[in-house]
Amino acid sequence: MFLSPIHVSAQAPEPTAAPEAANPKTGRIWRDIGLGAGGMGVAFLLDGPTRDLVLDHQGSAGRDLAEIGHGYGDWKKTAPFLAGGGILLGVALEGDRGARKATAAFFGVFAGSMANTLLNWTLGRSRPRDEMGSLHFDPWRSNASLGSGHTAYAFAIAAAVDEVTDGGWAIPFYAVAAGTGIARVYGDRHWLSDILAGGFVGLWVGRRATRAATGWLHVEGSPGAPGDPSVSAVRIEPLVLVDGLGVRLRF
């Protein structure tokens with residue numbers, strides 16, 4: 001399901017906002033958290049059946065494709081190339097402004113990944129291969145399952161690219177991020193709810209951290225930067241709805 005709301009504004013007197021609508025940004029944050037929590041609840045119910053289905057349909061071709069996703073989501077393998085390449089491309093296209101945009105994106109990816117790492121360490125959920133079940137938790141241990149670090153990292157990259165670019169540059173990054181999450185389930189490295197949690201944290205934190213960094217670094221024309229927050233852009237945002245999943249294209 002694809003939803004494409006187009007917002008058109010006009011110069012007109014604004015009605016007095018109701019108390020609960022006084023801070024729409026706060027309302028959006030709680031909406032995002034609520035959607036994420038609802039999606040997680042459904043995913044927890046599907047963890048066991050999803051794993052059984054995947055294990056019943058293993059194949060050599062699928063495992064080879066999954067290795068690509070594992071590799072992309074491993075920050076130790078890809079972060080130096082993505083960070084260095086992003087800065088070089090930014091400088092080549094936009095000079096100093098491009099370097100600052102790449103730096104803001106790097107900060108967003110780092111923040112999204114670290115937020116998930118904290119969640120992962122705090123909850124200490126057992127991985128599927130441990131054969132302890134999807135509801136076994138041993139808090140304060142490393143290399144746990146919830147949320148998926150590879151998926152969080154991949155979606156933080158997509159969110160950061162989405163924030164610092166216009167148009168559809170982020171589309172392939174979202175596609176690869178989704179593939180990374182699928183690979184983690186297919187390879188029996190994570191439960192379904194792990195990748196949804198990791199993807200949500202990476203996307204949500206990565207987007208907001210990148211947006212904040214563009215303001216700190218005075219990236220002109222970027223959301224949060226002083227002076228010019230109105231530059232048009234296309235935003236691609238995954239949605240978790242009551243009756244399904246979707247993607248919103250916001251113009």
Side-chain angles (χ1 to χ4, degrees), residues 36 39-40 42-44 46-86 105-106 108-117 119-121 123 125-130 134 142-162 168-207 210 236-240 245-247:
M40 282 295 297
V42 174
F44 264 97
L46 297 176
D47 279 335
T50 300
R51 186 192 182 210
D52 293 340
L53 178 65
V54 169
L55 292 180
D56 288 342
H57 294 82
Q58 292 285 307
S60 58
R63 285 190 289 269
D64 291 341
L65 289 174
E67 285 302 319
I68 298 175
H70 300 326
Y72 178 79
D74 187 346
W75 67 268
K76 295 185 292 294
K77 295 179 179 179
T78 59
F81 299 100
L82 290 173
F106 175 81
V109 174
F110 177 80
S113 296
M114 288 301 99
N116 181 79
T117 298
L119 175 70
N120 184 285
W121 177 75
L123 296 179
R125 187 189 199 186
S126 296
R127 290 179 179 265
R129 289 181 174 181
D130 296 336
S134 62
S142 60
N143 196 35
S145 195
L146 179 67
S148 167
H150 286 62
T151 309
Y153 168 70
F155 271 98
I157 292 172
V161 171
D162 206 357
W169 288 95
I171 292 177
F173 290 93
Y174 279 123
V176 175
T180 299
I182 293 172
R184 301 304 285 172
V185 173
Y186 190 87
D188 205 27
R189 312 289 181 88
H190 284 284
W191 303 99
L192 174 64
S193 54
D194 294 338
I195 67 166
L196 290 182
F200 179 82
V201 171
L203 177 67
W204 196 79
V205 176
R207 180 184 297 281
T210 302
I236 302 130
E237 300 176 340
L239 290 178
V240 180
L245 302 176
V247 176

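Computation of the quantities below employed the complete heavy-atom set of this structure, encompassing side-chain atoms and omitting hydrogens, waters and symmetry-equivalent molecules.
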Could you pull out the closest heavy-atom pair between [X] and [Y], with the gap in Å?
{"X": "Asp47", "Y": "Ser193", "value": "OD2-OG, 2.7 Å"}
{"X": "Leu196", "Y": "Ala43", "value": "CD1-CB, 3.4 Å"}
{"X": "Ser145", "Y": "Pro128", "value": "OG-CD, 4.0 Å"}
{"X": "Ala66", "Y": "Ala183", "value": "O-CB, 3.4 Å"}
{"X": "Ala159", "Y": "Gly206", "value": "CB-C, 4.3 Å"}
{"X": "Ile182", "Y": "Ile195", "value": "N-CD1, 4.4 Å"}

Could you give the distance from [atom1] ([X]) to [atom2] ([Y]), rounded to the nearest 0.5 Å?
{"X": "Asp194", "Y": "Arg125", "atom1": "CG", "atom2": "CZ", "value": "4.5 Å"}
{"X": "Ser148", "Y": "His190", "atom1": "OG", "atom2": "NE2", "value": "3.5 Å"}
{"X": "Ser126", "Y": "Trp191", "atom1": "OG", "atom2": "CH2", "value": "9.0 Å"}
{"X": "Phe110", "Y": "Trp75", "atom1": "CZ", "atom2": "CH2", "value": "9.0 Å"}
{"X": "Asp162", "Y": "Ile171", "atom1": "CG", "atom2": "CD1", "value": "9.0 Å"}
{"X": "Arg189", "Y": "Arg127", "atom1": "CZ", "atom2": "CZ", "value": "8.0 Å"}

Between [Y] and [X], is there a side-chain heavy-atom distance shorter than 4.5 Å?
{"X": "Arg63", "Y": "Tyr186", "value": "yes"}
{"X": "Phe106", "Y": "Val109", "value": "no"}
{"X": "Tyr174", "Y": "Phe155", "value": "yes"}

Legend entry - Donor-acceptor contact present, side-chain Asp188 to main-chain Leu55, <3.5 Å: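 Answer holds: no.
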Inset, instruction - Say whether, by atom type as modelled, one donor and one acceptor occur between the side chain of Asn116 and the main chain of Gly147 under 3.5 angstrom. - result: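 Yes; at least one donor-acceptor contact below 3.5 Å.
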Legend entry - Stepwise side chain to side chain contact (heavy atoms under 4.5 Å, CB included) test for Met114 and Thr117: CA-CA 5 Å; Met114 288 301 99; Thr117 298; 3.9 Å; yes
Inset, instruction - Kindly assign one of parallel, tilted or perpendicular to the pair His150 and His70, based on the angle between their ring planes and the thresholds 30° and 60°. - result: perpendicular
Inset, instruction - Answer with yes or no whether the side chains of Arg51 and Ser134 bring together a donor and an acceptor at under 3.5 Å. - result: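 Absent: no donor and acceptor within the cut-off.
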Inset, instruction - Determine the sole option in Asp74, Thr180, Leu82 for which the side chain to side chain contact (heavy atoms under 4.5 Å, CB included) test with Tyr153 is passed. - result: Leu82
